[in-house]
**Student:** 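Quick one: the structure is below, questions incoming.
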Protein chains: 6
Amino acid sequence: MFRDVGLDKLIAKALEEDVGHGDVTTSAIFTGDEGGIARAVAKEDMVVAGIDVFKKVFLSLDPDIEFHTDCKDGAAAKKGTILAEISGAIKNILIAERVALNFFQRLCGIATLTQKYVEAVKGTRAKIIDTRKTTPCLRDLEKYAVRVGGGFNHRFGLDGGVLIKDNHISAAGGITSAVSGVRNTIPLTLKIEVEVKDLKEVEEALASGVDIIMFDNMKPEEMKKAVLLINGRAIVEASGNVTLERVRQIAETGVDYISVGALTHSSPAADISLNMTIV
Amino acid sequence: MFRDVGLDKLIAKALEEDVGHGDVTTSAIFTGDEGGIARAVAKEDMVVAGIDVFKKVFLSLDPDIEFHTDCKDGAAAKKGTILAEISGAIKNILIAERVALNFFQRLCGIATLTQKYVEAVKGTRAKIIDTRKTTPCLRDLEKYAVRVGGGFNHRFGLDGGVLIKDNHISAAGGITSAVSGVRNTIPLTLKIEVEVKDLKEVEEALASGVDIIMFDNMKPEEMKKAVLLINGRAIVEASGNVTLERVRQIAETGVDYISVGALTHSSPAADISLNMTIV
Amino acid sequence: MFRDVGLDKLIAKALEEDVGHGDVTTSAIFTGDEGGIARAVAKEDMVVAGIDVFKKVFLSLDPDIEFHTDCKDGAAAKKGTILAEISGAIKNILIAERVALNFFQRLCGIATLTQKYVEAVKGTRAKIIDTRKTTPCLRDLEKYAVRVGGGFNHRFGLDGGVLIKDNHISAAGGITSAVSGVRNTIPLTLKIEVEVKDLKEVEEALASGVDIIMFDNMKPEEMKKAVLLINGRAIVEASGNVTLERVRQIAETGVDYISVGALTHSSPAADISLNMTIV
Amino acid sequence: MFRDVGLDKLIAKALEEDVGHGDVTTSAIFTGDEGGIARAVAKEDMVVAGIDVFKKVFLSLDPDIEFHTDCKDGAAAKKGTILAEISGAIKNILIAERVALNFFQRLCGIATLTQKYVEAVKGTRAKIIDTRKTTPCLRDLEKYAVRVGGGFNHRFGLDGGVLIKDNHISAAGGITSAVSGVRNTIPLTLKIEVEVKDLKEVEEALASGVDIIMFDNMKPEEMKKAVLLINGRAIVEASGNVTLERVRQIAETGVDYISVGALTHSSPAADISLNMTIV
Amino acid sequence: MFRDVGLDKLIAKALEEDVGHGDVTTSAIFTGDEGGIARAVAKEDMVVAGIDVFKKVFLSLDPDIEFHTDCKDGAAAKKGTILAEISGAIKNILIAERVALNFFQRLCGIATLTQKYVEAVKGTRAKIIDTRKTTPCLRDLEKYAVRVGGGFNHRFGLDGGVLIKDNHISAAGGITSAVSGVRNTIPLTLKIEVEVKDLKEVEEALASGVDIIMFDNMKPEEMKKAVLLINGRAIVEASGNVTLERVRQIAETGVDYISVGALTHSSPAADISLNMTIV
Amino acid sequence: MFRDVGLDKLIAKALEEDVGHGDVTTSAIFTGDEGGIARAVAKEDMVVAGIDVFKKVFLSLDPDIEFHTDCKDGAAAKKGTILAEISGAIKNILIAERVALNFFQRLCGIATLTQKYVEAVKGTRAKIIDTRKTTPCLRDLEKYAVRVGGGFNHRFGLDGGVLIKDNHISAAGGITSAVSGVRNTIPLTLKIEVEVKDLKEVEEALASGVDIIMFDNMKPEEMKKAVLLINGRAIVEASGNVTLERVRQIAETGVDYISVGALTHSSPAADISLNMTIV
């Protein structure tokens with residue numbers, strides 16, 4: 001469900017960035033006719049994400065390359081698994097290799113980390129969601145990888161949901177007026193979320209009729225009280241420097257969603273390598 | 001020294017990605033006339049990198065925003081340091097905030113991690129260098145951050161240096177013929193590097209007159225022997241899943257450069273937040 | 001609140017389209033130094049919308065042009081009103097004139113038509129909203145003009161809200177399963193709307209817990225019954241070839257929103273002309 | 001004959017605008033494998049224009065979609081006519097539907113309105129022509145639709161013909177000097193047209209040897225006199241707020257061309273809908 | 001009168017092409033604060049063209065650079081003339097230098113060559129015109145340089161004039177039917193030109209009422225006869241491998257225009273160098 | 001080995017520039033169904049370069065066009081040789097013709113001129129290399145044509161090699177400090193070249209350990225002495241207004257490379273024409 005529209009351009013940009021005026025090494029050695037097979041191998045356990053993007057980079061450079069995979073996004077691949085087999089002009093496989101891996105390793109990395117958070121809260125009602133702390137120009141891909149890893153998405157961008165923060169509240173003169181001001185201008189189809197920092201603000205938010213309440217850096221015991229107070233009258237999101245260590249404790253407060261910036265801003269790349277055979 | 005040419009377009013793309021059809025929250029609450037001050041604060045110790053990019057995002061959206069900083073790229077900022085002060089229309093500061101931070105936190109993260117590697121090899125002759133394992137479309141910025149952190153750059157792209165790998169070698173029928181084939185077509189200004197995996201290949205590489213020899217996943221003791229064998233007749237680079245734990249041992253083999261993919265593909269974002277005051 | 005991000009590029013495209021290889025007439029007659037004043041005059045009563053876009057076209061071509069206006073978007077301008085005064089190099093004013101007016105007349109036309117619909121439902125609870133039936137590449141501007149005219153916006157695009165139509169329902173095997181399927185993948189911040197065509201479907205939609213119910217081409221008397229049945233448990237939108245003649249009758253059924261495609265796909269341009277004086 | 005060059009980019013932009021970060025509804029319900037057939041049906045009588053553009057939107061998103069039509073641009077389609085049948089992945093048909101219709105309805109709308117004007121002047125020598133009052137970024141398509149409707153095109157842009165207006169004339173110090181100034185710089189292949197407002201100016205224009213004389217808001221009886229005076233020595237165009245009511249009277253003055261801004265700036269969209277069947 | 005609209009983008013592309021990932025030399029040596037003055041000096045006699053483009057490249061990279069010139073486009077500059085003085089950050093002057101000169105030297109080269117042709121036909125009625133044989137993406141600049149050199153422009157592109165060649169004629173079944181076919185679809189503002197190869201075709205062209213007749217590779221004596229035959233009833237253009245040696249002879253046949261492809265496809269660059277002083 | 005990545009966009013731009021709003025002539029006469037064959041014929045002796053680019057222009061416009069050639073880049077084509085045969089819709093062949101030839105004639109012209117220089121130095125050790133004096137936006141193609149003609153490439157851009165010129169030297173306070181400053185920041189894979197103007201500077205350059213020494217406008221006898229002095233310790237390049245007349249004398253001084261700006265900035269287009277037959 002990631003955005004296909006626009007992906008071609010992104011890949012073209014990435015190839016231009018890497019190839020520049022030409023791959024001087026490969027072009028000197030290969031005429032273009034030599035065939036080869038490359039196998040993408042998982043060098044550690046991972047959740048696969050972005051196999052179609054991986055494929056598309058090779059095909060963008062050379063539509064005659066053949067790409068075969070038995071993996072689907074979301075699959076758990078053990079260390080040693082062959083993720084895909086790419087065959088065709090070895091020259092073009094080599095030129096595209098690095099860009100293809102740069103996309104794919106990042107997306108698998110995000111899905112893999114997301115799944116760890118999802119596992120950590122298993123059995124609670126909490127769902128793991130992402131943030132807007134994504135890599136510039138790669139947001140749709142990264143949010144897709146979060147979904148692949150079992151997470152959910154917060155808004156896609158500033159136009160895809162209302163999030164009223166402390167600055168909005170103080171500028172508007174309180175939660176109530178902020179919410180009513182917003183309700184008057186936004187598209188019909190967007191929910192309204194308010195960031196709160198204590199129980200008093202929770203009450204004001206509830207009174208204003210918001211759809212979602214975000215606990216901003218609140219302590220677990222306070223979150224628990226707030227969840228009880230809300231009692232299903234709004235969706236509840238916990239936010240603020242969530243780590244793998246702390247996430248279960250937060251989940252057990254009863255919140256509906258826990259947002260984790262690290263999913264996209266600090267996930268290590270998954271280790272994948274391409275082994276080539278010239279045929 | 002990062003590429004200014006093209007940066008405006010990259011920032012514009014990133015803003016389009018986040019703002020989309022408009023910031024529905026902020027636009028509903030602020031008319032545009034309200035002034036404010038935002039302070040970017042380091043929430044952990046870090047090496048600053050990308051302060052000009054951070055500034056440029058705000059100014060791209062609103063050229064009347066004022067940006068003040070006492071930090072320079074390369075500075076070591078302690079937790080709590082105010083990295084910059086941004087003042088102007090609070091509405092526009094809020095709209096640009098996330099994109100500006102997404103760039104800045106990534107670059108500071110890379111510089112900070114790079115510096116750790118640099119520190120780890122202090123006292124040896126080894127320099128830390130990056131790879132082409134960068135984020136698609138962000139390479140110039142990321143390689144700049146590596147330099148800011150005290151590292152050096154490997155080639156910018158496939159057109160900025162020759163790197164003859166195993167596939168090139170077997171296709172060409174050996175190191176010697178690969179090197180002579182390449183020498184005949186590449187721009188005058190590029191060096192030739194060959195990847196080797198044992199002492200026999202080191203000798204062949206030396207004989208072919210290459211400029212740089214890369215040890216691919218060789219063991220420290222073997223590297224030591226190879227360095228002695230080369231004896232200054234070529235620049236020496238060590239490569240292959242280098243970690244902070246292993247890097248010193250590798251440095252002590254006497255190599256000139258150690259390349260670390262993790263600098264750019266797995267560095268966690270530096271923790272920076274923006275505190276706003278409406279005036 | 002229209003999207004500033006991206007507007008510069010849109011205007012540049014529009015100027016390129018019209019100017020092409022150069023304004024052969026104006027460039028032959030004016031050296032570039034001659035000054036002039038142009039007055040934009042309303043040739044009929046209208047609601048002003050897009051005055052900033054109008055201004056921006058001139059300034060895109062020549063940043064030294066001065067643009068003065070006493071009008072604000074949303075103002076009701078009587079026939080004969082001077083909407084803006086543009087002074088500077090007459091050559092550049094002439095080159096930009098047509099493109100500037102093409103944007104401005106369209107936006108004023110939309111706001112003016114929107115206001116007629118808004119007036120027609122005055123005193124009822126119904127609000128007028130737009131659709132995605134906008135001009136390709138001009139959506140943000142057109143949806144802005146709808147707001148200026150007193151209307152509201154439906155979703156900005158396919159990513160800004162869920163609208164489950166008959167095809168989705170039959171593919172999913174009923175409203176209930178369609179809604180639950182969607183709920184599991186969409187961003188947290190989006191509402192779910194379902195299109196219904198009779199009371200039975202209204203009941204199913206209510207049971208599934210949707211946020212918004214859209215009556216698709218239902219008759220007024222049936223809408224009235226459905227509104228009573230829903231009784232505030234969901235937001236209600238009426239849709240389907242709404243005309244100025246029929247809109248009041250629909251509004252009186254008690255629906256919350258009435259969507260009108262004609263606002264953006266069939267509004268006549270407002271009549272505005274530019275009178276120039278060479279000085 | 002509309003510009004194919006550039007059309008792909010325009011369609012891509014329009015799809016990006018609508019799809020944004022993804023069609024959240026359709027992607028949640030369809031896996032991508034479900035097939036379907038959609039029939040585009042004329043909901044009112046119309047002149048068909050832009051069937052290839054309509055087709056191209058679907059194929060841009062998914063080259064495997066099949067598009068069948070028995071209609072040709074220029075055909076008169078009665079209410080109820082099936083204009084095209086689109087079959088393939090229902091998911092992609094649904095995603096492309098709105099953008100495809102937004103283009104097609106506009107173009108059919110323009111052709112249909114143009115034909116009404118053409119009918120209205122039937123039997124006279126007058127031809128209906130368009131103006132530069134087109135939608136920003138859609139000019140080539142709109143001018144094509146005018147031709148499809150039986151109209152003719154005035155210049156494509158500021159580089160495609162000379163039109164000397166009152167401001168040019170007063171700046172140049174009269175028609176004679178304006179024309180000779182222009183003749184000295186323009187491409188060999190362009191005609192020169194002058195706008196006149198009375199018989200005296202007609203005479204001056206004739207003396208200067210212009211190719212086309214445009215009557216600017218002149219009264220029918222005066223136009224008749226002017227036509228007699230010109231007597232075939234220049235092509236004659238009538239201009240100025242031409243309506244369907246007034247156009248015949250103007251045509252009967254004997255002018256060669258009548259330009260109508262409303263063809264492109266105020267034509268209502270043709271009513272077309274897409275009926276889908278899942279197979 | 002060259003196209004300003006679009007020039008910024010062209011310059012940005014050219015700078016990206018040359019600067020790529022950064023000017024590694026200059027960035028290593030200059031911090032950015034060092035000031036300098038560069039003088040552009042004509043190293044041979046030339047006609048100046050494109051001084052504004054030359055300036056714009058420097059200012060695109062650094063708006064604080066100051067650019068002073070006493071030259072105007074069209075001026076005859078003797079060897080040794082200082083064409084412009086550029087002062088500001090020496091670093092940025094050095095980075096922009098090559099791209100700025102690449103544009104400027106080409107445009108001066110074209111204007112200089114054009115003037116030689118213009119001189120060669122002095123005293124005859126013939127004017128020198130260009131063709132569409134221009135450098136891809138630089139047409140507007142190159143056609144501008146032709147005008148600066150005293151030449152005239154043929155059509156800007158395929159949309160800016162009709163030129164019926166032998167293939168069109170044979171496909172249409174003769175000049176007469178080709179001309180009438182074209183007249184029925186082209187914009188009102190374009191002239192019709194036909195290519196002829198003998199007197200018989202000249203007569204057919206005249207009969208069809210074309211505006212311009214082009215002699216395609218006809219011999220001087222035949223051109224003379226054709227000019228007498230035409231006798232002012234159409235504009236006359238001579239075409240076909242015109243050289244500086246042959247052009248006067250052709251001009252003396254009495255033709256109105258002589259088109260010369262070499263003006264833009266084979267003009268040597270004018271020799272200009274930049275002398276820098278660090279201050 | 002020219003950059004494929006980016007070529008599609010370049011060709012699209014070039015087609016947009018020429019076709020603009022449409023080929024009014026061809027579209028009026030051909031329906032699109034008429035087939036034809038066009039033969040590209042060399043009208044003078046030449047080295048072929050860019051046959052793939054030539055082909056790609058036709059296929060960009062119409063993927064159904066068939067393109068056949070027996071020529072390879074680098075072939076010596078005698079006057080009269082048929083370089084390629086293009087068959088398909090005559091309409092589209094005609095529309096693409098001029099742009100295709102504009103690219104192809106330029107590239108063949110560059111390869112042809114390069115080969116003359118290469119011939120002139122035959123038997124010496126000198127290789128002919130190009131410069132950065134290329135046409136804006138066409139550098140990769142032009143440098144490719146130089147290689148095809150038997151020449152070599154200097155750096156691709158400012159990021160592809162270090163070239164320390166007089167201004168860098170004086171700013172850095174001498175060759176030694178300039179070189180050491182640069183060595184500290186550049187990518188590992190780039191060589192360092194220094195421009196020198198006398199023997200004293202040659203010695204300083206050698207002492208600093210540079211890879212390449214460029215003689216800037218030195219006299220042949222002085223170059224001879226310098227070559228002896230260097231004695232293989234650095235690569236040697238001669239530069240400065242090299243002409244076909246002077247190049248042999250320079251080559252005989254013993255330099256390794258001679259750079260010639262004229263290859264790309266002043267090569268006349270090769271004469272190629274397209275003969276069409278309608279079938």
Side-chain angles (χ1 to χ4, degrees), chain C residues 10 13-14 17-30 34 36 90 94-95 98-99 101-103 105-106 109 132-139 156-164 167-168 170-172 178 181-182 184-187 190 241 261-262 265-266 268-269 271 276 278, chain D residues 10 13-14 17-30 34 36 90 94-95 98-99 101-103 105-106 109 132-139 156-164 167-168 170-172 178 181-182 184-187 190 241 261-262 265-266 268-269 271 276 278:
Chain C
L10 179 67
K13 283 257 172 231
E17 179 187 58
D18 191 34
V19 179
H21 305 277
D23 180 344
V24 291
T25 315
T26 301
S27 299
I29 289 175
F30 294 97
E34 304 87 343
I90 187 83
L94 281 167
I95 294 176
R98 187 70 263 144
V99 172
L101 283 171
N102 284 349
F103 276 109
Q105 293 183 248
R106 170 172 301 267
R132 286 168 43 242
K133 298 179 182 178
T134 55
T135 310
C137 303
L138 299 184
R139 180 169 293 167
F156 287 142
L158 291 168
D159 58 349
V162 171
L163 179 45
I164 300 174
N167 292 297
H168 298 107
S170 60
V182 165
N184 227 24
T185 68
I186 58 164
L190 300 182
N241 289 314
H265 71 50
S266 295
D271 195 359
M276 261 167 269
I278 300 172
Chain D
L10 179 67
K13 283 257 171 231
E17 180 187 58
D18 191 34
V19 179
H21 305 278
D23 179 345
V24 292
T25 314
T26 301
S27 300
I29 289 175
F30 295 96
E34 303 87 342
I90 187 84
L94 281 167
I95 294 177
R98 188 70 263 145
V99 171
L101 283 172
N102 284 349
F103 276 109
Q105 293 183 246
R106 169 173 302 270
R132 285 169 41 244
K133 298 178 182 178
T134 55
T135 309
C137 302
L138 299 184
R139 180 168 294 167
F156 286 143
L158 290 168
D159 58 349
V162 172
L163 179 45
I164 300 174
N167 292 296
H168 298 109
S170 60
V182 164
N184 228 25
T185 68
I186 57 164
L190 300 182
N241 290 313
H265 70 52
S266 296
D271 195 0
M276 260 167 270
I278 299 173

**Student:** Step by step, would you call C:C137 with D:L10 a side chain to side chain contact (heavy atoms under 4.5 Å, CB included)?
**Tutor:** CA-CA 8 Å; C:C137 303; D:L10 179 67; 3.9 Å; yes
**Student:** Do you know which of D:H265, D:R132, D:Q105, D:E34 has the most heavy-atom pairs under 4.5 Å to chain C?
**Tutor:**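 Result: the option with the highest number of such pairs is D:R132.
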**Student:** Among C:V162, C:I90, C:T135, C:T26, which residue has the highest count of heavy-atom pairs closer than 4.5 Å to chain D?
**Tutor:**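 Ranked by contacts with chain D, first place is C:T135.
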**Student:** Out of D:A172, D:G36, D:G181, D:A171, which one racks up the most heavy-atom pairs below 4.5 Å with chain C?
**Tutor:**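 Sorted descending by pairs with chain C, the first entry is D:A171.
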**Student:** Got a second to check how far C:T134's OG1 is from D:E17's CD, nearest 0.5 Å?
**Tutor:**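 Answer for the OG1-CD pair, C:T134 versus D:E17, is 5.5 Å.
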**Student:** Under a 4.5 Å cutoff for heavy-atom pairs, which residue among D:V99, D:N241, D:L163 has the most contacts with chain C?
**Tutor:**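 Maximum pair count with chain C is reached by D:L163.
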**Student:** Identify which of C:M276, C:R139, C:K13 forms the greatest number of heavy-atom pairs closer than 4.5 Å to chain D.
**Tutor:**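 The residue among C:M276, C:R139, C:K13 with the greatest pair count is C:R139.
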**Student:** How close do C:I95 and D:L158 get, counting heavy atoms only, and between which atoms?
**Tutor:**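 Looks like O-CD1, 3.7 Å.
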**Student:** For residues D:D159 and C:G20, report the shortest heavy-atom separation together with the two atoms involved.
**Tutor:**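 Heavy atoms of D:D159 and C:G20 come nearest at OD2-CA, 3.4 Å.
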**Student:** Find the one option among C:A269, C:G109, C:P268, C:S170 whose heavy-atom pairs under 4.5 Å with chain D are most numerous.
**Tutor:**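 Winner by heavy-atom pair count: C:A269.
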**Student:** Would you say the side chain of C:K133 lies within less than 4.5 Å of the side chain of D:N102, judging by non-hydrogen atoms?
**Tutor:**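 In contact.
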**Student:** Looking at C:V182, C:I278, C:N167, which has the largest count of heavy-atom pairs under 4.5 Å with chain D?
**Tutor:**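 The residue among C:V182, C:I278, C:N167 with the greatest pair count is C:N167.
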**Student:** What part of D:L101 gets within 4.5 angstrom of chain C, counting heavy atoms only: side chain, backbone, both, or neither?
**Tutor:**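 No part of D:L101 comes within 4.5 Å of chain C.
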**Student:** So which atom in C:A178 and which in D:I29 form the shortest heavy-atom distance, rounded to 0.1 Å?
**Tutor:**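 Scanning both residues, the minimum pair turns out to be CB-CD1, 3.9 Å.
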**Student:** Name the region of D:I164, side chain, backbone, both or neither, that has any atom closer than 4.5 Å to a heavy atom of chain C.
**Tutor:**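 The answer is both parts of D:I164.
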**Student:** At a 4.5 Å cut-off on heavy atoms, which part of D:L138 comes close to chain C: side chain, backbone, both, or neither?
**Tutor:**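 Both backbone and side chain.
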**Student:** By a 4.5 Å heavy-atom criterion (distance strictly below it), what part of C:R106 contacts chain D: side chain, backbone, both, or neither?
**Tutor:**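 Side chain only.
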**Student:** Relative to chain D, which segment of C:L94 carries a heavy atom at a distance below 4.5 Å: side chain, backbone, both, or neither?
**Tutor:**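 Just the side chain, heavy atoms under 4.5 Å.
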**Student:** Please look at C:D271 and chain D and tell me whether the side chain, the backbone, both or neither of the residue comes under 4.5 angstrom of a heavy atom of that chain.
**Tutor:**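 Just its side chain gets close to chain D.
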**Student:** List the atom of C:G161, the atom of D:T25, and the distance in Å for their closest heavy-atom pair.
**Tutor:**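 Looking at all heavy atoms of both residues, the closest pair is O-OG1, 3.9 Å.
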**Student:** Can you tell me how far OG of C:S27 sits from CD1 of D:I186, rounded to the nearest 0.5 angstrom?
**Tutor:**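 Here the rounded value is 12.0 Å.
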